[in-house]
Amino acid sequence: LTNRCNMMCDPCFMDANQVGYVHELTFDDVKKLLDDALTIKPRRQLTVQFSGGEPTISPIFLDAVAYARQIGYFAAQAATNGIRFAQDPEYAMAAAKAGLRTAYLQFDGVGEDANAHRKVGNLFDVKLRAIEHLYRAGIDIALVVTIVRTINDDQVGRIVKFAVENCDKISFVSFQPVSFTGRDEDIDDRTRAERRYTLSHLAEDVKTQTGAIEPLRDWFPLSAAGAVSDVTDLISGAGADWGTMKCGCHPDCGTGTALLISKKTKKWAPLPDVFDVERFFDDARTISDSARGPLLTKVQTALSVLRNYRAHRAPEGFRLGDLIKKFDKQSGGALGGVGMPADGNRKSDEWLVLFIAGMWFQDLWTYDFRRTEMCIIPYATQMGEISFCAYNTGVGWRHIVEQMHQTATVAEWYKEHGKHPVYANPRTPVPLAPLAQPIALTIPRDGRLVPVGTKKPPQPSGAVSPILHPDRSATSA
């Protein structure tokens, strides 16, 4: 929506506030971009994420969200630093009313020290306020973490634990290993090597810092779930208005895992421990290839869910009926809608599947044209849709498109519209109103989900390495 921002972060894809011009879409621009995307066939469910800069400082943000929902987008999201939502709870309510489903909230760690590199003295307090206001408005919250080695890679476990202990308010966590683009393209080789972080680092750090989630068992490429989308398409039938949203990205682009958590008791278990995810994906490919009608496909899917469920490894209080409801809900009603709560509130069920994802965007040193060809996150621009990494990397399309369609120079913009606040001084906090209600969030002191002293039971002679086939008693609380 805009390249203006109310922070001066490093790293920053866009190099916001420092390029010398303002690029800001009009409402007519937004409508054309959204309309054009809907013409692509075959039609699958589309989600739009409004970004910036900081999208909430665009005067058309709420109108853009409402228009996207009005014309049929499955969900509208905002990639935000949360300042506007922290300062104004009524704005969060207005965003929810417009149709905002998810706030992708920048979140670099637990505590002010973990956020100090963003150069805002009270940034963690801002995040907590934003989470409370978004939650009360009914907006899902995804914590989006840019991980930079030596800067905040020690925060991986605490962030996961923060999400677990506040799972009634946090829907999922997206870790994004740093991509040296935008403000960081001129980084020197030594600093780049020191700060480079990868998806394999992420999987190991989650295990090391939380004591849970096995790197070789519990993580899957995001595209591995594509076969499940094919199954739900068969269930919906050829006459459905929309195909199921499908992740077809390159397997090197992203990875994910999940925890199954009770919002009431906080009892949890790694989902791949409770459910044989790998075999279920194999089943989904077989079911899809068989191409049966909707009824038989539902039966096949239900049988696969039953055979892959490991009841003896489920967290306390979790039952087969809960699994069936969760699967139905997560798959968009693949089993007939039994997963939708009776009151119609999709957040009212006790059990949450907390997704933990890693998405590694490319830069000049990691660029792979095959990944770009398979991109599923295009930017909608005035020059057409352009792959995320192609738009942000190198001299790239961002510089070309935004300079061609710039709204004004910074001086011209300020003269006509005035300056917007920019928070970039550690000694100058973001102004926040007195709390109307106390913040009800649990702040973990460490990242351990499994006590350090937990011991695995003795294994019989010749047992397979627990790294490849871990015993649940050592990986869950």
Peer 1: Do Ser304 and Asn308 have side-chain N/O donor and acceptor atoms under 3.5 Å apart?
Peer 2: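 Asn308 and Ser304 do have a side-chain donor-acceptor pair below 3.5 Å.
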
Peer 1: Main chain of Gly157, side chain of Thr210: is a donor-acceptor contact present, judged purely on distance under 3.5 Å?
Peer 2: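 Judged by distance alone, no pair lies under 3.5 Å.
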
Peer 1: Yes or no on salt bridge (Lys or Arg N to Asp or Glu O under 4.0 Å) for Glu132 and Lys169, after CA distance, side-chain angles and deciding distance?
Peer 2: CA-CA 8 Å; Glu132 282 291 347; Lys169 299 174 182 178; 2.8 Å; yes

Peer 1: So, taking the atom named CG in Leu202 and the one named CE in Met359, what distance separates them when rounded to the nearest 0.5 Å?
Peer 2: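 It comes to 13.0 Å.
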
Peer 1: Please confirm whether the backbone N or O of Ala76 pairs with a side-chain atom of Arg69, one donor and one acceptor, at under 3.5 Å?
Peer 2: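 Not a single qualifying donor-acceptor pair exists.
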
Peer 1: Testing the 3.5 Å rule here: is there a donor-acceptor pair between the side chains of Asp36 and Thr39?
Peer 2: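 Side-chain D/A pair, Asp36 to Thr39: absent.
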
Peer 1: The test is side chain to side chain contact (heavy atoms under 4.5 Å, CB included); show your working for Val22 and Asn3 and say whether it passes.
Peer 2: CA-CA 6 Å; Val22 172; Asn3 69 345; 4.0 Å; yes

Peer 1: Please find the pair of heavy atoms, one from Phe50 and one from Ala64, that lie closest to each other, and give the distance.
Peer 2: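 For Phe50 and Ala64, the tightest heavy-atom pair comes out as CZ-O, 3.5 Å.
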
Peer 1: Let's go through Gln49 and Tyr104 carefully: what are the C-alpha distance in whole Å and the side-chain angles of both, what is the deciding distance for side chain to side chain contact (heavy atoms under 4.5 Å, CB included) to 0.1 Å, and is it a yes or a no?
Peer 2: CA-CA 9 Å; Gln49 184 174 105; Tyr104 269 62; 3.5 Å; yes

Peer 1: Could you state the interatomic distance from CD1 (Ile377) to SG (Cys249), rounded to the nearest 0.5 Å?
Peer 2: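 Rounded to the nearest 0.5 Å, the CD1-SG separation comes to 7.0 Å.
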
Peer 1: Taking it one step at a time, do Tyr67 and Ile71 satisfy side chain to side chain contact (heavy atoms under 4.5 Å, CB included)?
Peer 2: CA-CA 6 Å; Tyr67 184 75; Ile71 63 174; 3.6 Å; yes

Peer 1: If you measure from CG on Asn81 to CE on Met7, what distance do you get to the nearest 0.5 Å?
Peer 2: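 Going from CG on Asn81 over to CE on Met7, the span is 5.5 Å.
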
Peer 1: Give the minimum heavy-atom separation between Ala94 and Leu62, together with the two atoms involved.
Peer 2: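 Nearest pair, atom of Ala94 first, then Leu62: CB-CD1, 3.9 Å.
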
Peer 1: Could you tell me if the side chain of Ile139 sits less than 4.5 Å from the side chain of Thr102, heavy atoms only?
Peer 2: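 With C-beta onward as the side chain, the pair stays apart.
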
Peer 1: Test Phe85 against Tyr135 for ring pair (Phe, Tyr, Trp, His ring centres under 6.0 Å), laying out the working first.
Peer 2: CA-CA 11 Å; Phe85 295 115; Tyr135 169 72; over 10 Å; no

Peer 1: So, Glu350 versus Ser262: side-chain donor-acceptor pair below 3.5 Å or not?
Peer 2: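 Side-chain D/A pair, Glu350 to Ser262: present.
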
Peer 1: How long is the span from the CG atom in Leu33 to the CD atom in Gln382, to the nearest 0.5 Å?
Peer 2: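 Reported value, rounded in 0.5 Å steps: 6.5 Å.
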
Peer 1: Using a strict 4.0 Å threshold on nitrogen-to-oxygen distance, state whether Arg371 and Asp252 make a salt bridge.
Peer 2: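 Here Arg371 does not pair with Asp252 in a salt bridge, since their nearest N and O are not under 4.0 Å apart.
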
Peer 1: Is a donor on one side and an acceptor on the other found under 3.5 Å between the side chain of Gln209 and the backbone of Gly447?
Peer 2: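 Between the backbone of Gly447 and the side chain of Gln209 there is no qualifying donor-acceptor contact (under 3.5 Å).
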
Peer 1: Look at the side chain of Gln362 and the backbone N and O of Asp368, then say whether any donor-acceptor pair between them is shorter than 3.5 Å.
Peer 2: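 Side chain of Gln362 to backbone of Asp368: a pair is present.
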
Peer 1: Which atom names give the shortest non-hydrogen contact between Ala390 and Thr372, and what distance separates them?
Peer 2: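 Where Ala390 meets Thr372 most closely, the heavy atoms are CB-CG2, 4.1 Å.
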
Peer 1: Does the side chain of Thr255 reach to within under 4.5 Å of the side chain of Phe220, using non-hydrogen atoms?
Peer 2: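 No, side chains not in contact.
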
Peer 1: In the structure I gave you, are the side-chain heavy atoms of Trp397 and Tyr379 within less than 4.5 Å of one another anywhere?
Peer 2: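 No. Closest side-chain heavy atoms not under 4.5 Å.
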
Peer 1: State whether the side chain of Thr301 and the backbone N or O of Val231 hold a donor-acceptor pair below 3.5 Å, judged by distance alone.
Peer 2: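 No; zero donor-acceptor contacts below 3.5 Å.
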
Peer 1: Determine which pairs satisfy side-chain hydrogen bond (donor to acceptor under 3.5 Å, both in side chains) with at least one residue from residues 141-166, sequence neighbours left out, and list them in order.
Peer 2: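 Applying side-chain hydrogen bond (donor to acceptor under 3.5 Å, both in side chains) to every pair that reaches into residues 141-166, excluding sequence neighbours, yields Lys161-Asp446.
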
Peer 1: Salt bridge or not between Glu54 and Arg84? Use side-chain N to carboxylate O under 4.0 Å.
Peer 2: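 Salt bridge between Glu54 and Arg84, a charged N being under 4.0 Å from a carboxylate O: no.
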
Peer 1: Has Glu385 got more than 12 heavy atoms of other residues, nucleotides or ligands less than 6.0 Å from its CD?
Peer 2: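 Enclosed: over 12 neighbouring heavy atoms sit under 6.0 Å from CD of Glu385.
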
Peer 1: Does any part of the side chain of Ser223, heavy atoms only, come nearer than 4.5 Å to the side chain of Pro251, both counted from C-beta?
Peer 2: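 When only atoms from C-beta onward are counted, Ser223 and Pro251 do touch, with a gap below 4.5 Å.
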
Peer 1: Side chain to side chain contact (heavy atoms under 4.5 Å, CB included) between Tyr91 and His133: does it pass, once the steps are laid out?
Peer 2: CA-CA 9 Å; Tyr91 190 77; His133 295 165; over 6 Å; no

Peer 1: Test your reading of the model: is there a side-chain donor-acceptor pair from Lys326 to the backbone of Trp351, 3.5 Å cut-off?
Peer 2: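 The answer is yes, because a donor-acceptor pair under 3.5 Å joins these two groups.
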
Peer 1: What closest approach, in Å, do Gly256 and Leu222 show between heavy atoms, and which atom pair accounts for it?
Peer 2: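 The pair with the smallest heavy-atom distance is N-CD2, 3.8 Å.
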
Peer 1: If we only count heavy atoms from C-beta on, is the Val156 to Phe175 side-chain gap below 4.5 Å?
Peer 2: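 They are in side-chain contact.
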
Peer 1: Has the side chain of Gln77 got a donor or acceptor atom that lies under 3.5 Å from a matching backbone atom of Leu100?
Peer 2: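 The answer is no, because no donor-acceptor pair under 3.5 Å joins these two groups.
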
Peer 1: Does anything in residues 109-122 form a side-chain hydrogen bond (donor to acceptor under 3.5 Å, both in side chains)? List the pairs, not counting sequence neighbours.
Peer 2: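 Only Asp108-His117, Asp108-Arg118 qualify under side-chain hydrogen bond (donor to acceptor under 3.5 Å, both in side chains).
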
Peer 1: Mind listing the closest non-hydrogen atom pair of Ser51 and Ala79 along with its distance?
Peer 2: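 For Ser51 and Ala79, the tightest heavy-atom pair comes out as CB-CB, 4.2 Å.
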
Peer 1: Under 3.5 Å, is there a donor-acceptor pair between the Tyr197 and Asp205 side chains?
Peer 2: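 There is such a pair (donor and acceptor under 3.5 Å, judged by atom type) between the side chains of Tyr197 and Asp205.
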
Peer 1: Which heavy atom of Thr393 sits nearest a heavy atom of Cys389, and at what distance?
Peer 2: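 Between these two residues, the closest heavy atoms are OG1-O, 2.7 Å.
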
Peer 1: Whether Lys207 and Glu204 form a salt bridge (side-chain N of Lys/Arg under 4.0 Å from carboxylate O of Asp/Glu) is what I want to check.
Peer 2: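 Salt bridge between Glu204 and Lys207, a charged N being under 4.0 Å from a carboxylate O: no.
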
Peer 1: Between Ile356 and Phe172, is there a side-chain heavy-atom distance shorter than 4.5 Å?
Peer 2: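 They are not in contact (no side-chain heavy atoms under 4.5 Å apart), so the answer is no.
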
Peer 1: Rounded to the nearest 0.5 Å, how far apart are CZ of Phe318 and OH of Tyr309?
Peer 2: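 Between atom CZ of Phe318 and atom OH of Tyr309 there are 5.5 Å.
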
Peer 1: If you measure only the distance, is there a donor-acceptor pair under 3.5 Å linking the side chains of Asp233 and Ser236?
Peer 2: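 There is no such pair between these side chains.
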
Peer 1: Measure the spacing between CG of Leu352 and SG of Cys167 and express it to the nearest 0.5 Å.
Peer 2: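 Here the interatomic distance stands at 5.5 Å.
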
Peer 1: Arg129 side chain to Pro89 main-chain N or O, any donor-acceptor pair under 3.5 Å?
Peer 2: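 Here the side-chain-to-backbone pair does not exist.
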
Peer 1: State, yes or no, whether a side-chain contact exists between Ile40 and Leu46 at a heavy-atom distance under 4.5 Å.
Peer 2: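 No - every pair of side-chain heavy atoms lies 4.5 Å or more apart.
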
Peer 1: Given side chains that start at C-beta, do those of Asp230 and Lys246 come closer than 4.5 Å, heavy atoms only?
Peer 2: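 Result yes, sub-4.5 Å side-chain heavy-atom pair found.
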
Peer 1: Okay, side chain of Asn392, backbone of Phe388: is any donor-acceptor separation there less than 3.5 Å?
Peer 2: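 Answer holds: yes.
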
Peer 1: Does a donor on one side chain sit under 3.5 Å from an acceptor on the other, for Lys127 and Gln106?
Peer 2: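 A pair is found: one side chain offers a donor N or O, the other an acceptor, under 3.5 Å apart.
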
Peer 1: Just by distance, do the side chain of Tyr73 and the backbone of Leu34 share a donor-acceptor pair under 3.5 Å?
Peer 2: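 Pair found, side chain donor or acceptor close to backbone of Leu34.
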
Peer 1: When you check the gap from the basic side-chain N to the acidic O, do Arg313 and Asp273 get nearer than 4.0 Å?
Peer 2: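 A salt bridge is present here (some side-chain N lies under 4.0 Å from a carboxylate O).
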
Peer 1: Is it true that Glu24 and Thr2 share a donor-acceptor pair across their side chains at a distance under 3.5 Å?
Peer 2: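 Present: a donor and an acceptor within the cut-off.
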
